[in-house]
Amino acid sequence: MGIAKNVARLMFEVITAFLMAGMVTLTLLQVISRYMDAGFEWTEELARLDLIYLTFFGSIVAVQRDEHLRIETLVNAFPERLRRAIRVAVDVASIAVLTVVVWQGALLLPRFWPLRSAALGWPTTFFYFPVVAGCFIMAIYLCFDVITVFREDGKQPTRAGITS
């Protein structure tokens, strides 16, 4: 199981790195084309699509690494058992929100298929798909985290997606 987690983690990190490189390339192409008064219309739309994918796949990487933004000053003052309970409560609340996004988003994806983007002419479903996929995968990782916290007996909690 540890190897599969590491492969999944590496896969999302590589995807995120490619998306970042694509964003830099597209932005550079936009600047150069505007300077040369050539203005490719598709670069802005493709950069927007890249940013959407980067946001949600980057969020998956943040969940895997346990690096989402949070303020733990008060929580760290509590005893270990209460910290674990708060962690589970936060994860369960996050899973609930992510599940609603996936549920509602999955219903909308087919409805956006006939609509085409302005510059690329692609189905607008491509713009909404990373929201559904990213939230679904993050919810899975958080479910594993809740299971991991319940299985630990007084040990230091670690995220399910991370192996030391």
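The chain is numbered in sequence order, starting from 1.
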side-chain contact (heavy atoms from CB on, under 4.5 Å) evaluation trace for K5 with Y141
CA-CA 10 Å; K5 288 179 189 176; Y141 273 101; 5.7 Å; no
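In terms of modelled atom types and a separation under 3.5 Å, the side chain of Y53 and the main chain of T16 share no donor-acceptor contact. A distance-only check finds a donor-acceptor pair linking the side chain of S33 to the backbone of Q30 [under 3.5 Å]. Not a single donor-acceptor pair under 3.5 Å links the side chain of E41 to the backbone N or O of A119. With hydrogens and angles ignored, the 3.5 Å screen pairs a side-chain donor or acceptor of N76 with a backbone N or O of E72. In this structure, R83 contributes its side chain and A77 its backbone to no donor-acceptor pair below 3.5 Å. In this structure, the side chain of R9 does not engage the main chain of Q64 through any donor-acceptor pair within 3.5 Å.
In this structure, the side chains of R48 and E44 come closer than 4.5 Å at one or more pairs of heavy atoms. Looking at heavy atoms from C-beta onward, L54 lies in side-chain contact with M20 at the 4.5 angstrom threshold. Put simply, the side chain of S59 reaches to within 4.5 Å of the side chain of H68, judged on heavy atoms. Using a 4.5 Å heavy-atom threshold, the side chains of V146 and R87 count as separate. Between P123 and L115 the shortest side-chain heavy-atom distance does not fall below 4.5 Å.
Looking at every heavy atom in both residues, E152 comes nearest to R84 through O-NH2, 2.7 Å. Minimum interatomic distance between F129 and L109 (heavy atoms only, all atoms of both residues): N-CD2, 3.7 Å. When all heavy atoms of T124 and S117 are compared, the pair lying nearest together is CG2-N, 3.9 Å. When all heavy atoms of F136 and V102 are compared, the closest pair comes out as N-CG2, 3.3 Å. Scanning all heavy atoms of the two residues, the minimum distance from V101 to C135 falls at CG1-SG, 3.6 Å. Of all non-hydrogen atoms in I52 and P130, the two that sit nearest each other are CG2-CG, 3.5 Å.
Once rounded to the nearest 0.5 Å, the distance linking CG of N6 with CD of E13 reads 9.5 Å. Of the inter-residue distances, the one linking R34 atom CZ with L29 atom CG reads 10.5 Å to the nearest 0.5 angstrom. Distance check: D145 CG to D66 CG gives 7.0 Å after rounding to the nearest 0.5 Å. Taking CG of L10 as the reference point, atom CD1 of I15 lies at 10.0 Å (rounded to 0.5 Å).
Taking hydrophobic clusters as Ile, Leu, Val, Met, Phe, Trp and Tyr residues chained together by side-chain heavy-atom distances below 4.5 Å, V131 shares a cluster with W113. The hydrophobic clustering, which links ILVMFWY residues whose side-chain heavy atoms are closer than 4.5 Å, places I95 and F150 together. Under the 4.5 Å side-chain heavy-atom criterion for ILVMFWY residues, no single connected hydrophobic cluster contains both V88 and V75. Linking Ile, Leu, Val, Met, Phe, Trp and Tyr whenever their side-chain heavy atoms come within less than 4.5 Å leaves L51 and I60 in two separate clusters. Cluster membership check: F144 shares its hydrophobic cluster with M11, using side-chain heavy-atom separations under 4.5 Å among Ile, Leu, Val, Met, Phe, Trp and Tyr.
For the side chain to side chain contact (heavy atoms under 4.5 Å, CB included) with L142, the lone residue among D91, V90, V92 that qualifies is D91. Checking F56, F112, W122 one by one against Y128, the ring pair (Phe, Tyr, Trp, His ring centres under 6.0 Å) holds for a single residue, F112.
By the neighbour-count criterion of 12 heavy atoms within 6.0 Å, atom CZ of R116 is densely surrounded, having more than that number from other residues, nucleotides or ligands. Counted within 6.0 Å of CG on L107, heavy atoms from surrounding residues, nucleotides or ligands total more than 12; the atom is thus considered enclosed.
Taking the six-membered ring where the residue is Trp, F12 and F57 present parallel rings, their angle staying beneath 30° rather than reaching 60°.
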